[in-house]
Novice: 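What follows is a single structure, and I will ask about it in a moment.
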Amino acid sequence: MEQQEQQSINPPLGNEQAKKLLYQMLLIRKFEEKSAEMYTQEKIRGFLHLYVGEEAVAVGVMQALRPEDNVLCTYREHGHALVRGLKPGVIMAEMYGRQEGCSRGRGGSMHLFDAKTKFYGGNAIVAGHLAMAVGMALADKKMKRDQLTCCFFGEGAMAEGAFHEAMNLAALWQVPVLFLCENNLYAMGTALRYTHAQTNLELKGAAFGIDSSTVDGMDLLAVIKAANTAVAAIRKTGKPHFLVCNTYRFRAHSMFDAELYRDKSEVEEWKKRDPIPGYFNYLLQQQILTDVDFKKIEGQVELEVKQAVDFAETCSLEPVEELTKYTYSEKQD
Amino acid sequence: MEQQEQQSINPPLGNEQAKKLLYQMLLIRKFEEKSAEMYTQEKIRGFLHLYVGEEAVAVGVMQALRPEDNVLCTYREHGHALVRGLKPGVIMAEMYGRQEGCSRGRGGSMHLFDAKTKFYGGNAIVAGHLAMAVGMALADKKMKRDQLTCCFFGEGAMAEGAFHEAMNLAALWQVPVLFLCENNLYAMGTALRYTHAQTNLELKGAAFGIDSSTVDGMDLLAVIKAANTAVAAIRKTGKPHFLVCNTYRFRAHSMFDAELYRDKSEVEEWKKRDPIPGYFNYLLQQQILTDVDFKKIEGQVELEVKQAVDFAETCSLEPVEELTKYTYSEKQD
Amino acid sequence: MPGQLITYRECIKQAIREALQADERVFIMGEDVGRYGGAFAVSKNLLQEFGPERIMDTPLSEAGFVGAGIGAALGGMRPIVEVMTVNFSLLALDQIANNAATLLHMSGGQFNVPLVIRMSSGVGRQLAAQHSHSWEPLFAHLPGLRILSVGTHEDARYMLAPALADPDPVIIFEYTSMLNLEKELPDSAESIEISKAKVRRAGKDISIITYGTGVYKALEAATELAAAGIDAEVVDLRVLRPLDEETIVASVAKTNRAFLVEDASRSVSVSSEVSARIMERCFYDLDAPVQRLCGAEVPIPYPKHLEDASVPQPAQIVTAIKTLLQHA
Amino acid sequence: MPGQLITYRECIKQAIREALQADERVFIMGEDVGRYGGAFAVSKNLLQEFGPERIMDTPLSEAGFVGAGIGAALGGMRPIVEVMTVNFSLLALDQIANNAATLLHMSGGQFNVPLVIRMSSGVGRQLAAQHSHSWEPLFAHLPGLRILSVGTHEDARYMLAPALADPDPVIIFEYTSMLNLEKELPDSAESIEISKAKVRRAGKDISIITYGTGVYKALEAATELAAAGIDAEVVDLRVLRPLDEETIVASVAKTNRAFLVEDASRSVSVSSEVSARIMERCFYDLDAPVQRLCGAEVPIPYPKHLEDASVPQPAQIVTAIKTLLQHA
Ligand SMILES: Cc1ncc(C[n+]2csc(CCOP(=O)(O)OP(=O)(O)O)c2C)c(N)n1
Ligand SMILES: Cc1ncc(C[n+]2csc(CCOP(=O)(O)OP(=O)(O)O)c2C)c(N)n1
Ligand SMILES: [Mg+2]
Ligand SMILES: [Mg+2]
């Protein structure tokens with residue numbers, strides 16, 4: 001039965017789906033590399049947090065979600081936004097601070113929002129969105145809507161009291177939240193062992209009686225399986241689940257980070273587990289894709305990223321007169 | 001060896017010590033009954049939280065501490081203050097709002113403070129003192145002082161993020177804190193099962209890698225044993241320990257509480273396990289005390305409580321001109 | 001039934017009941033709102049009437065359940081979150097300031113947060129330093145919030161409905177010390193605007209501008225002043241953010257004098273702001289400098305005489321205004 | 001070595017190093033102060049110099065480590081707690097307001113809290129709504145705290161020592177946007193008083209009263225005004241609580257006009273308080289109403305042009321003061 005359930009949750013990847021996932025990972029990678037470039041050119045300002053190396057997590061988890069599910073992320077959310085279906089152009093425009101951006105240019109890199117895809121940020125107070133996620137799931141439960149809320153956060157966020165309160169509330173209320181920890185081993189420059197006395201993060205779920213699991217976040221197929229299992233359980237029981245994805249960020253915390261806190265060799269070691277070649281090799285082996293296909297996809301991605309920049313370049317600044325607009329809702333009369 | 005260690009930690013109670021413990025429990029009980037009476041007479045105002053039923057916890061834990069250890073409590077702290085060595089008179093004077101009180105009358109029932117006995121309150125923001133306790137222990141560690149910090153709090157407090165952060169910091173920093181949970185099953189009117197998804201509270205220690213234990217808080221001897229064991233471990237290792245004492249409050253949460261949330265029968269059931277007769281019966285059995293001794297002790301306690309009230313009655317109000325005194329320290333020049 | 005006495009507590013309770021009856025999306029959540037009956041018995045029996053889905057007891061987790069309230073509001077509900085008292089609200093202030101107050105603007109108008117947070121504020125029960133705060137000024141500083149202060153029975157009864165109808169986060173301050181106070185409730189349920197201050201007593205000699213517990217104190221003082229031939233106008237700010245500057249300006253333009261009364265401690269208070277606005281808008285109308293009578297700059301002590309000394313009292317208002325008018 | 005340029009960042013760093021060298025009881029704790037080198041590189045290499053016992057990296061737990069700082073201060077240490085930026089400080093505000101600020105009074109004078117909390121504040125790097133707050137007004141409202149604002153290199157270099165010597169909790173606001181700014185540091189380490197405002201430029205026509213990022217902006221404006229024949233005095237408040245009212249009054253008594261500048265949003269701000277105090281103390285000295293130029297009442301948006309529009313700019317100060325003086 002175990003076996004059967006696994007299978008129904010994880011049908012073998014169809015060719016189209018297989019390609020799409022690769023496309024998504026590549027899109028994140030190239031989009032972010034371009035973003036870094038645009039940052040250097042001072043087209044993008046503020047904080048810019050890149051997800052490079054962690055792509056398998058967003059891609060693997062997001063495919064388990066439905067359009068009606070809610071998604072909440074941190075400030076390291078370009079990847080999630082892209083996979084959730086925000087157009088690269090509106091994200092780039094947002095980072096350019098243009099009003100055609102997904103948040104009218106008001107938010108920048110850390111605050112991507114999109115009502116259409118139920119993408120609730122882009123939240124830059126670490127762990128500040130966890131309780132909101134619980135509340136959204138509570139609303140769904142009260143309204144008897146069959147949908148779940150997926151909340152991404154880092155392992156650093158788990159030291160905040162906010163994590164503790166949100167987990168307890170979700171468990172008490174039995175609401176459908178997927179608590180998705182992206183454990184990339186660092187919170188800025190603070191390594192996991194300096195953040196948590198108990199470094200086996202999954203154990204923290206037990207303190208709230210929440211079902212928990214851990215997966216290799218560098219392995220897309222493993223993430224897909226773990227996410228599908230978790231999501232299926234949430235949909236079935238209506239209860240929260242805590243999933244830890246062990247991953248690594250290849251680049252600095254943000255563009256300001258001199259990376260004094262870790263050895264280059266450690267980064268190089270992890271790069272050997274880069275999720276993109278890892279997954280592509282699997283596709284090669286399975287004869288789902290060829291090198292030629294890869295090049296083709298890569299070309300499409302590069303074109304899409306280029307178009308995003310081109311679009312952002314054409315976009316306009318919000319008139320300064322609109323500064324205070326939307327501080328309060330406009331009167332509906 | 002287990003056996004041997006147990007013994008050295010728990011020497012058989014001497015007669016004097018046995019009597020003293022009974023005296024302390026009775027003193028808390030009678031002092032609080034008197035306080036309730038004085039509250040009804042409007043001599044005491046504000047919030048008054050009684051500890052009746054929970055006496056074995058404060059008495060059992062406090063005997064394990066040394067004068068140089070730090071003690072932090074909640075607003076339900078008359079008992080702890082008494083056992084720690086604050087004079088009943090200065091506590092009563094404090095509740096009368098008189099300047100001879102232990103906090104110059106500024107604090108009242110919820111804010112007993114005493115530098116001499118290292119009694120750091122009387123803290124009325126639930127869980128607000130836990131992180132302070134960790135900091136005090138950190139100072140001791142840094143200053144290489146061989147002392148520990150004992151921090152009392154209720155099971156309700158454990159739902160606050162503050163609990164989570166304090167536990168993690170104490171574990172990371174390996175500082176000597178005794179986290180002492182007085183689980184009386186209710187946080188105001190909210191029962192344990194509505195406060196915590198995981199009602200086995202001891203399990204929460206594991207989430208931080210903190211050694212934890214649980215004891216029947218209605219049984220003085222059990223509390224003594226558990227407290228001695230925990231304190232010995234802390235003194236030996238310098239690491240924190242989490243001790244849960246399961247207990248029950250016989251009276252309302254505060255004088256404002258109509259107790260709508262629990263059945264009288266539940267309270268009656270628990271009263272059968274009243275720690276005072278329980279302990280006294282043990283002393284009788286062991287022929288350490290007689291009924292006559294009990295009456296004598298009771299008489300002494302009643303006298304002491306009466307004297308406390310008499311003292312408070314003679315005390316004076318702080319002049320209104322001193323209202324803002326000590327908002328900032330007086331200049332030391 | 002005009003003429004019937006009702007407590008401030010009962011006014012709040014009726015408002016909540018009505019809201020729960022009127023809209024399925026409304027629910028209350030907070031510590032001890034259900035089984036305990038509310039820390040101040042405001043929600044007594046509502047659990048029995050509406051059930052645990054609508055009257056939700058929460059654990060001690062102020063940041064958590066306020067955050068959840070924001071999320072539930074985003075999800076289409078109309079939560080009334082009760083933070084038992086303002087004293088515990090700082091634990092949730094990050095949620096309020098960084099999420100509730102910013103989401104609409106930061107998302108370019110996409111996500112509004114129709115949340116109501118109620119909390120009990122102020123001194124008056126000898127609850128000492130950690131339980132007697134008047135933190136309205138902190139909240140009144142934050143853009144994106146609407147801050148209401150319930151200084152009368154009328155507002156206690158009728159302000160909740162428009163607050164719930166507001167598409168943005170509204171914070172309602174109620175006052176512990178007034179719960180048992182009985183007054184006649186105006187008969188009409190005339191629709192209350194939560195954008196306007198209200199002149200509670202018209203007068204021509206001086207404007208007493210206040211809010212919260214200050215309103216009845218000011219009215220009491222005004223009655224006494226009237227006996228001394230001084231006709232004071234009493235302005236109840238009601239909405240501490242965004243301030244209704246026009247009502248203030250109109251009153252001061254008429255009386256040419258202003259006296260500000262507030263329980264919160266003086267520095268960087270709502271009265272500071274009102275004084276600054278009068279400076280900016282009414283300087284040339286003023287016959288005398290605006291004066292403030294605010295809370296003492298001190299953690300509130302427990303004993304009655306010191307607690308009383310730490311907030312304005314009607315007698316002080318009377319004396320100060322008499323002096324001010326002699327002077328001018 | 002007068003004449004040598006030094007960044008604001010380097011000033012802060014030197015002050016911290018000196019404090020660590022001077023007193024064994026001093027240690028720093030906060031997020032990323034050690035291995036990362038400080039979020040803004042202020043504490044770079046201090047870990048290497050002083051070791052992990054004195055430069056303590058903490059987890060993301062603002063309430064926890066601020067509370068621990070209070071405890072360590074009670075335990076005889078002299079902690080410098082760094083809250084990375086003011087934006088995260090609300091998570092610790094309960095600790096600051098209910099513990100640090102009240103313990104001394106509430107214990108009847110028994111327990112003082114010699115704690116210093118530093119945090120970086122303000123706009124200036126396009127960090128958007130959740131990372132651009134100027135929350136000095138919130139802290140300046142709370143009795144029991146001393147609030148310092150570091151508007152110059154001199155204060156960045158010399159304010160920390162007296163803050164550490166203070167027996168009570170001191171909160172120091174530094175400014176992210178000024179970190180890279182180079183200035184000459186006055187040669188002397190003359191002892192700095194943390195109870196006094198400072199006249200940064202003497203003048204006779206108008207008092208520009210400000211703090212923090214406003215100081216250099218005001219000085220810049222004053223230079224330009226001088227060219228137009230207007231002699232502006234610039235008062236740097238420096239201590240936002242308790243306010244040094246005397247310096248303000250003395251300045252306004254001399255110039256008869258005041259113009260207040262502040263990055264924080266306008267309502268219930270430090271400028272409100274200053275305006276109210278001038279109203280109370282200098283009404284009859286004033287030739288014109290006090291004006292305020294404060295931050296816009298809005299969550300700060302990301303794009304440069306909107307960010308710039310949301311805080312005062314020197315050119316606006318110049319224009320406003322020219323208009324004000326014509327008018328008078
Ligand atoms: C409450 C809060 N404190 C501090 C910060 C500054 N900060 C931004 S990201 C970060 C590290 C977060 O680490 P983690 O949760 O592991 O996420 P990651 O960045 O690794 O994805 C810190 C300390 C913040 N944004 N919010
Ligand atoms: C932060 C905070 N929230 C709410 C309250 C109101 N309150 C006071 S005591 C209490 C219940 C605490 O329960 P618990 O921690 O179990 O301690 P007990 O009273 O049972 O000893 C509550 C909700 C408070 N004082 N502080
Ligand atoms: Mg991380
Ligand atoms: Mg309890």
Novice: Exactly one of A:F119, A:F31, A:Y51 should register a ring pair (Phe, Tyr, Trp, His ring centres under 6.0 Å) with A:H80. Which one does?
Specialist: A:Y51
Novice: Using non-hydrogen atoms only, which part of C:E53 is less than 4.5 Å away from chain A: side chain, backbone, both, or neither?
Specialist: both
Novice: Let me know if A:D114 has heavy atoms under 4.5 Å from chain C in its side chain, its backbone, both or neither.
Specialist: both
Novice: Is chain C contacted by the side chain of A:K141, its backbone, both, or neither, given a heavy-atom distance below 4.5 Å?
Specialist: neither
Novice: Please rank C:Q95, C:R25, C:M29 by heavy-atom pairs under 4.5 Å with chain A and give me the top one.
Specialist: C:Q95
Novice: CG of C:N87 to CD of C:E62: how many Å apart, nearest 0.5 Å?
Specialist: 10.5 Å
Novice: Under 4.5 Å from any heavy atom of chain C, what part of A:A133 do you find: side chain, backbone, both or neither?
Specialist: neither
Novice: Please tell me whether A:F113 and A:Y120 form a close aromatic pair, meaning their ring centres lie under 6.0 Å apart.
Specialist: no
Novice: When the ring planes of A:F153 and A:F242 are compared, do they come out parallel, tilted or perpendicular, using 30° and 60° as the limits?
Specialist: parallel
Novice: For the candidates C:M56, C:R146, C:R54, C:M106, which exhibits the highest count of non-hydrogen atom pairs separated by less than 4.5 Å from chain A?
Specialist: C:M106
Novice: Measuring heavy-atom distances to chain A, does C:L91 have an atom under 4.5 Å in its side chain, in its backbone, in both, or in neither?
Specialist: neither
Novice: Please identify, among C:G75, C:G144, C:P169, the residue contributing the most non-hydrogen atom pairs under 4.5 Å to chain A.
Specialist: C:G144
Novice: Checking C:E24 against chain A: side chain, backbone, both or neither under 4.5 Å from a heavy atom?
Specialist: neither
Novice: Name the region of A:L112, side chain, backbone, both or neither, that has any atom closer than 4.5 Å to a heavy atom of chain C.
Specialist: neither
Novice: Please test A:Q147 against A:D140 for side chain to side chain donor-acceptor pair (under 3.5 Å), starting from the C-alpha separation and ending with a verdict.
Specialist: CA-CA 7 Å; A:Q147 56 201 45; A:D140 288 336; 2.9 Å; yes
Novice: Specify which of C:N99, C:I70, C:L74, C:L103 makes the most heavy-atom pairs with chain A at under 4.5 Å.
Specialist: C:N99
Novice: Can you check ring pair (Phe, Tyr, Trp, His ring centres under 6.0 Å) on C:H131 and C:F88, steps first, answer last?
Specialist: CA-CA 8 Å; C:H131 275 64; C:F88 320 135; 5.2 Å; yes
Novice: Between A:F163 and A:F179, does a ring pair (Phe, Tyr, Trp, His ring centres under 6.0 Å) hold up when you go through it step by step?
Specialist: CA-CA 10 Å; A:F163 166 77; A:F179 289 103; 7.1 Å; no
Novice: Does the ring center of A:H111 lie less than 6.0 Å from the ring center of A:Y75?
Specialist: no
Novice: If I measure from the heavy atoms of chain A, does C:T102 come under 4.5 Å with its side chain, its backbone, both, or neither?
Specialist: neither
Novice: Highest number of heavy-atom pairs under 4.5 Å with chain C: which of A:Q99, A:E165, A:M143?
Specialist: A:E165
Novice: Do C:S121 and C:E136 get their side chains close enough for a donor-acceptor pair, meaning under 3.5 Å?
Specialist: yes
Novice: Taking every non-hydrogen pair under 4.5 Å, which of A:H164, A:E94, A:M136 racks up the most with chain C?
Specialist: A:M136
